Amino acid sequence: MSVSLYYTASRALPLTVAEAAAVERVVATASASFPYEDEEGLYLYEGDDEPGRLLAGSTKLPLDPERALPVIVHVLGSVTELRRALPGAAWHVHLDDLDVPWDEDGGYAL
């Protein structure tokens with residue numbers, strides 16, 4: 001049975017040029033620093049034309065618990081950076097049916 005982490009951001013206003021560049025930087029940094037080349041990392045869907053949706057993505061977690069925790073920490077850190085780069089967006093981050101709480105100081109963490 002697989003478990004996935006899902007993340008979406010919505011807002012009435014579309015991404016600005018600066019925000020789009022910030023998202024690209026976060027994605028590039030997340031990819032370059034990901035701990036496992038054979039596991040799934042931060043993944044944003046392309047071509048999402050849902051009205052008001054700024055971005056959406058998911059990460060399928062490894063079945064091995066010793067590998068899953070570093071992936072969760074890494075991806076939630078990246079999603080935290082994305083949230084901070086997109087002011088005014090409404091976020092929903094969840095691990096299958098479990099919502100991941102947001103902390104203004106610490107960001108997303110389980």
Side-chain angles (χ1 to χ4, degrees):
M1 183 175 123
S2 69
V3 175
S4 295
L5 184 64
Y6 300 92
Y7 26 91
T8 60
S10 302
R11 181 179 72 196
L13 299 173
L15 289 176
T16 66
V17 172
E19 289 171 336
V23 168
E24 288 180 22
R25 280 191 302 276
V26 170
V27 170
T29 300
S31 177
S33 63
F34 192 67
Y36 306 112
E37 68 179 51
D38 60 338
E39 300 289 355
E40 193 172 306
L42 181 71
Y43 177 76
L44 299 182
Y45 307 141
E46 291 186 32
D48 186 5
D49 58 357
E50 180 80 22
R53 185 170 294 160
L54 298 175
L55 61 82
S58 65
T59 301
K60 183 178 174 184
L61 299 177
L63 295 176
D64 178 353
E66 289 184 21
R67 290 175 70 103
L69 187 57
V71 170
I72 290 169
V73 169
H74 189 273
V75 172
L76 287 178
S78 299
V79 174
T80 294
E81 290 181 45
L82 288 170
R83 180 173 177 147
R84 291 184 172 143
L86 302 176
W91 283 82
H92 185 211
V93 178
H94 56 104
L95 187 65
D96 283 344
D97 293 334
L98 173 69
D99 285 341
V100 178
W102 171 254
D103 177 78
E104 282 299 326
D105 295 324
Y108 288 108
L110 291 175

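Residue numbers start at 1 and run along the sequence shown. All figures in this text were calculated on a predicted structure; none of them were measured in a lab. Values reported hereafter were calculated over all heavy atoms of this structure, with side chains retained and with hydrogens, waters and symmetry mates removed.
Checked options Val71, Leu76, Val3; the residue passing with Thr59 is Val71 (criterion: side-chain contact (heavy atoms from CB on, under 4.5 Å)).
Nearest heavy-atom pair across Gly107 and Arg84 is N-NH2, 3.6 Å. Nearest heavy-atom pair, Glu19 versus Ala85, reported as atom, atom and distance to 0.1 Å: CG-O, 3.7 Å. What you find for Tyr45 and Ser58 is that their closest heavy atoms are OH-OG, 2.9 Å. What you find for Pro70 and Arg67 is that their closest heavy atoms are CD-O, 3.2 Å. In plain terms, the two heavy atoms of Ser2 and Lys60 that are nearest each other are CB-CE, 3.5 Å. Residues Pro62 and Ala68 approach most closely at O-CB, 3.6 Å, considering heavy atoms.
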- Item | Test log, rule side-chain contact (heavy atoms from CB on, under 4.5 Å), inputs Asp64 and Glu39 | CA-CA 11 Å; Asp64 178 353; Glu39 300 289 355; over 6 Å; no
- Residue pair Tyr7, Val75: steps toward the side-chain contact (heavy atoms from CB on, under 4.5 Å) verdict: CA-CA 10 Å; Tyr7 26 91; Val75 172; 3.9 Å; yes
- Full working for side-chain contact (heavy atoms from CB on, under 4.5 Å) between Leu61 and Leu95: CA-CA 10 Å; Leu61 299 177; Leu95 187 65; 3.3 Å; yes
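Atoms NE2 and OG, on His92 and Ser10 in that order, are 10.5 Å from each other to the nearest 0.5 Å. Residue Leu54 holds its CG atom at 8.0 Å from CH2 of Trp91, rounded to the nearest 0.5 Å. Atom-to-atom distance recorded for Glu50:CD and Thr8:OG1 is 10.0 Å, nearest 0.5 angstrom. Interatomic distance, Tyr43 OH to Leu5 CG, rounded to the nearest 0.5 Å: 15.0 Å.
Under the 30°/60° scheme for interplanar angles, the aromatic rings of His94 and Tyr6 are found to lie parallel.
One hydrophobic cluster, built from ILVMFWY side chains closer than 4.5 Å, cannot hold both Tyr36 and Val73; they sit in different ones. Val26 and Trp102 fall within a single hydrophobic cluster, where Ile, Leu, Val, Met, Phe, Trp and Tyr side chains are chained together by heavy-atom contacts under 4.5 Å.
In this structure the side chain of Leu44 reaches within 4.5 angstrom of the side chain of Val23, judged on heavy atoms.
Between the Thr80 side chain and the Tyr108 main chain, a donor and an acceptor come within less than 3.5 Å of each other. Checked by atom type and distance alone, the side chain of Arg83 never pairs as donor or acceptor with a backbone atom of Leu86 at under 3.5 Å.
In Asp97, the CG atom is not crowded: 12 or fewer heavy atoms of neighbouring residues, nucleotides or ligands sit closer than 6.0 Å.
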